[in-house]
Amino acid sequence: MIKFKINLLVILIFAIHFAPALSDLLISKLDRRIDLTSQIVRMTLTLRVENTGPDPVSEFSFTFPSHQADNLALFVAVSTEGKGKNRGSATNLPLEVKQPADSPPSLVWYVASLPKALGKGESLNIDALAVFTHMLRPFPEKITQAEPQLFLFQDTAHFTSPYNVKYQTLVVKLPSESVESYTKIENAKFSGSDIKYGPSENLPAMSYLPVIVHFPSNKPFAVAKELVREIEISHWGNVQVTEHYNLIHGGAQSIGEFSRLDFQTRPNVHGASAFRNLIAMLPPRAHSIYYRDAIGNISTSNVYGDSSKTLLEIEPRYPMVGGWKTSFTIGYGLPLQDYLFQSGGTRFLNFTFGSPMNDVLVENLTVKVVLPEGSKDLSVSVPFPVKQSQETKYSHLDIAGRPTIVVEKVNVVPEHNQYFQVHYRFSNLSLLSEPLMLIFGFFSLFVACIIYMHADFTISKSSPSYLAKLQWDEVLGTIQQLQDVINRCLSIHDKLEASLRALSRTGDVQACKAVRKSADSLLKDLSKESKPLLAFLQSSPQAAHILPKVEELVVKERDLQEKIMLKHTTVVESYEKKSGGRDIENRVASIQQKISALKQEVDDLLEFVENI
Ligand SMILES: *[C@@H]1O[C@H](CO)[C@@H](O)[C@H](O)[C@H]1NC(C)=O
Ligand SMILES: *[C@@H]1O[C@H](CO)[C@@H](O)[C@H](O)[C@H]1NC(C)=O
């Protein structure tokens, strides 16, 4: 509340210090209506303007405080001549934001060019509509399920105009017949759901009289943070529309737990500000309508309608309360001939711009018109300023992709749901490109099959890649042979160990020595066998990266072999000297430790080499 008042005061001070130089015009009557029945605030102005000066005047200025201008989604003005029944037809007034050098920065000027200059003593009627978003602030900002949703609206009871105003009234329309509080200045009256201020007479230019209205509202505050509409034209007779919504309840934040049961039993008390459904008004001939979210198709949607419209009622999976979000997609098809027309050599799409959902405020709207492949010379005309770009969309069977017009706009209100046109050139031959492509595609497939059946896919024997592969195979083969040699060595180690165990059981020293003798000669042979294999690997550049490990393996095995031999000799000698079992164990204990460690290392290295 306090912040609001400061806001207003600042503007007031500026206004007082600003003496306009545009005082030749006089507003003889100004009726203003502010509609607060939805989240989108609409202000209609009906003015009668008179030239009281000697010189003709060709411009008329509206001023809005900048905090209102920032939220002004749409502003249009028309002029008519004559009075009462003799009023002529309306002429659209072009509007331009033009700030006079001496204007306070807190005011934004919209300058309308009159259809013809207003001479001395002449009068003109002007009707204007200003549509604002984000002008209602929830107060309190957070409510529980059982509390009512209240909003604050602030404005001035005297429309701030750079001209003197002879007579003016203001009516603020509320969504219901109840109001929490409103600024009670002179002549304020509350009746039905209207607050009436005025009439006020003979107000000087830049008058300002702040008023604040605090009132309950349970209208759905559905805000699409983002809406992407994709309109895809197929010259085979269809316009496919897909709309992706990212929706939030933009009213007072819901705090505390939300009980669905309470909501279902008494929805008007428990969560009165929540909304359960939204209605999309689709064209009458819409077909293949669907509604889905991230989980899948939602069955709680209804489609009904008549010859003038199709209504799609969508119901999110949970009731939407303040601050809750939901994302969903709706899609529908439309007959092409209703929307695509020819003029001269070009075709044009004539389609509606905004969301088909009533009273949804769209903060960021992107409209994409996807044209058939081969379309040329694209242009778009939208009746209000937008951001334009082009991109290419690819789907199956596309070669060059589909030219796509992308139009973006922020703060889109239902009033923006006007027709816009996309013009392009298209040769009918392009229409045949996809069927021809299919035919050609299948033909190519068959030809490819025939070639495949007859082709020899062996790699040329002199190609570098073939040679490299050959060399690598050889390296792998050699490693395998070396591995084999090591494994055979290891099994001989095992035999030696086994002979020692047999010795401790039988005491047969001769048998043990015989095993040792054959082992010696076998290991010598294996050592001879491994030498050329290692030499090959050392000379082969392709083996360079694995050579260190292989060499280490060979060295460790040799080491292991020596230790086992040492153990064998020690044990056999001890037996010959008839030493006791415990004594022998003590003598070989340190050797045995080294053997165990080496065995582990050899095993690890073998595993590494195996996985090359
Ligand atoms: C959803 O419905 C549409 C239209 O009826 C249908 O084409 C689509 O296959 C459905 N999707 C799922 C996931 O059921
Ligand atoms: C677009 O369609 C609307 C509704 O049918 C029509 O009123 C309007 O004149 C059309 N605009 C153009 C440029 O054809």
Side-chain angles (χ1 to χ4, degrees), residues 472-540 542-612:
W472 179 241
D473 283 348
E474 208 168 347
V475 167
L476 284 182
T478 310
I479 289 175
Q480 216 159 39
Q481 286 176 44
L482 198 58
Q483 223 175 300
D484 186 42
V485 168
I486 304 257
N487 278 327
R488 272 149 66 200
C489 291
L490 292 183
S491 73
I492 294 167
H493 299 171
D494 288 346
K495 274 186 192 137
L496 284 168
E497 302 258 29
S499 76
L500 289 181
R501 283 194 297 275
L503 179 62
S504 76
R505 269 200 323 273
T506 60
D508 186 348
V509 176
Q510 289 317 312
C512 191
K513 278 189 166 169
V515 172
R516 167 68 183 266
K517 201 171 168 201
S518 90
D520 274 345
S521 83
L522 281 172
L523 285 171
K524 206 178 267 170
D525 289 347
L526 286 173
S527 162
K528 265 188 213 152
E529 214 175 302
S530 74
K531 263 184 197 130
L533 298 175
L534 198 58
F536 171 77
L537 292 177
Q538 279 159 343
S539 69
S540 166
Q542 291 210 344
H545 65 292
I546 47 164
L547 189 62
K549 287 280 185 194
V550 174
E551 280 178 332
E552 197 186 343
L553 174 61
V554 171
V555 169
K556 293 285 181 197
E557 192 281 326
R558 201 60 51 80
D559 217 2
L560 177 61
Q561 196 172 310
E562 261 167 37
K563 294 286 180 299
I564 285 175
M565 291 306 183
L566 181 60
K567 177 183 165 191
H568 201 268
T569 313
T570 313
V571 173
V572 170
E573 272 173 8
S574 304
Y575 260 93
E576 279 172 336
K577 286 182 195 152
K578 309 253 184 282
S579 306
R582 166 98 2 130
D583 190 25
I584 299 172
E585 261 177 43
N586 285 342
R587 286 176 67 182
V588 296
S590 71
I591 306 174
Q592 186 56 48
Q593 241 171 35
K594 283 185 192 134
I595 289 175
S596 302
L598 282 167
K599 264 189 180 157
Q600 188 58 50
E601 282 179 82
V602 169
D603 276 351
D604 290 349
L605 286 164
L606 260 179
E607 195 181 310
F608 172 85
V609 170
E610 253 167 48
N611 290 328
I612 288 171

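Everything numeric in this text was worked out from a predicted model, so none of it was measured.
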Quick one: side-chain hydrogen bond (donor to acceptor under 3.5 Å, both in side chains) partners of Ser499, sequence neighbours excluded?
His568
Please enumerate all residues that pass side-chain hydrogen bond (donor to acceptor under 3.5 Å, both in side chains) together with Ser540, with sequence neighbours excluded.
none
For Asp520 and Met565: C-alpha separation, side-chain torsions, deciding distance, then whether side-chain contact (heavy atoms from CB on, under 4.5 Å) applies.
CA-CA 9 Å; Asp520 274 345; Met565 291 306 183; 3.3 Å; yes
First locate atom NE2 of His493, then atom CG of Leu523, and finally report the distance between them rounded to the nearest 0.5 Å.
5.5 Å
CG of Leu533 to CD1 of Ile479: how many Å apart, nearest 0.5 Å?
10.5 Å
Lys495: what forms a side-chain hydrogen bond (donor to acceptor under 3.5 Å, both in side chains) with it, not counting sequence neighbours?
none
Using atom types as modelled, flag every donor-acceptor pair under 3.5 Å from a side chain in residues 504-511 to any protein atom, sequence neighbours excluded.
unit_1, atom_1, unit_2, atom_2, d
Ser504, OG, Arg501, O, 2.8
Thr506, OG1, Ala502, O, 2.9
Thr506, OG1, Asp508, N, 3.2
Asp508, OD1, Gln510, N, 3.3
Asp508, OD1, Ala511, N, 3.2

With rounding to the nearest 0.5 Å, note down the distance linking CG in Leu522 to OG in Ser527.
12.5 Å
Distance-only criterion, 3.5 Å: show the donor-acceptor pairs between side-chain atoms of residues 542-553 and protein atoms not counting sequence neighbours.
unit_1, atom_1, unit_2, atom_2, d
Gln542, OE1, Trp472, N, 3.0
Gln542, NE2, Ala468, O, 3.4
His545, ND1, Gln542, O, 3.3
Glu551, OE2, Gln538, NE2, 2.6

All N/O donor-acceptor pairs, side-chain side in residues 599-612, below 3.5 Å, sequence neighbours left out:
unit_1, atom_1, unit_2, atom_2, d
Lys599, NZ, Glu497, OE2, 3.3
Gln600, NE2, Asp604, OD1, 3.2
Glu601, OE1, Lys556, NZ, 3.1
Asn611, ND2, Glu607, O, 3.2

Please list, chain by chain and in numerical order, all residues satisfying side-chain hydrogen bond (donor to acceptor under 3.5 Å, both in side chains) with Ser574, sequence neighbours excluded.
Arg587
List in chain and number order the residues that pass salt bridge (charged side-chain N to carboxylate O under 4.0 Å, His left out) with Lys531, two or more places apart in sequence or in another chain; answer none if no residue qualifies.
none
From Asp525 CG over to Ser530 OG, what is the distance, rounded to the nearest 0.5 angstrom?
11.0 Å
With a 3.5 Å cut-off and sequence neighbours excluded, list the donor-acceptor pairs that the side chains of residues 481-492 form with protein atoms.
unit_1, atom_1, unit_2, atom_2, d
Asp484, OD2, Arg488, NH1, 3.4
Asn487, ND2, Gln483, O, 3.3
Arg488, NH1, Glu529, OE2, 3.4
Arg488, NH2, Glu529, OE1, 3.3
Ser491, OG, Arg488, O, 2.9

Leu500 side, atom CG; Ile584 side, atom CD1 - distance, nearest 0.5 Å:
10.0 Å
So, taking the atom named CD in Gln593 and the one named CD1 in Ile595, what distance separates them when rounded to the nearest 0.5 Å?
11.0 Å
Who are the side chain to side chain contact (heavy atoms under 4.5 Å, CB included) partners of Asp559, not counting sequence neighbours?
Glu562, Lys563, Leu598
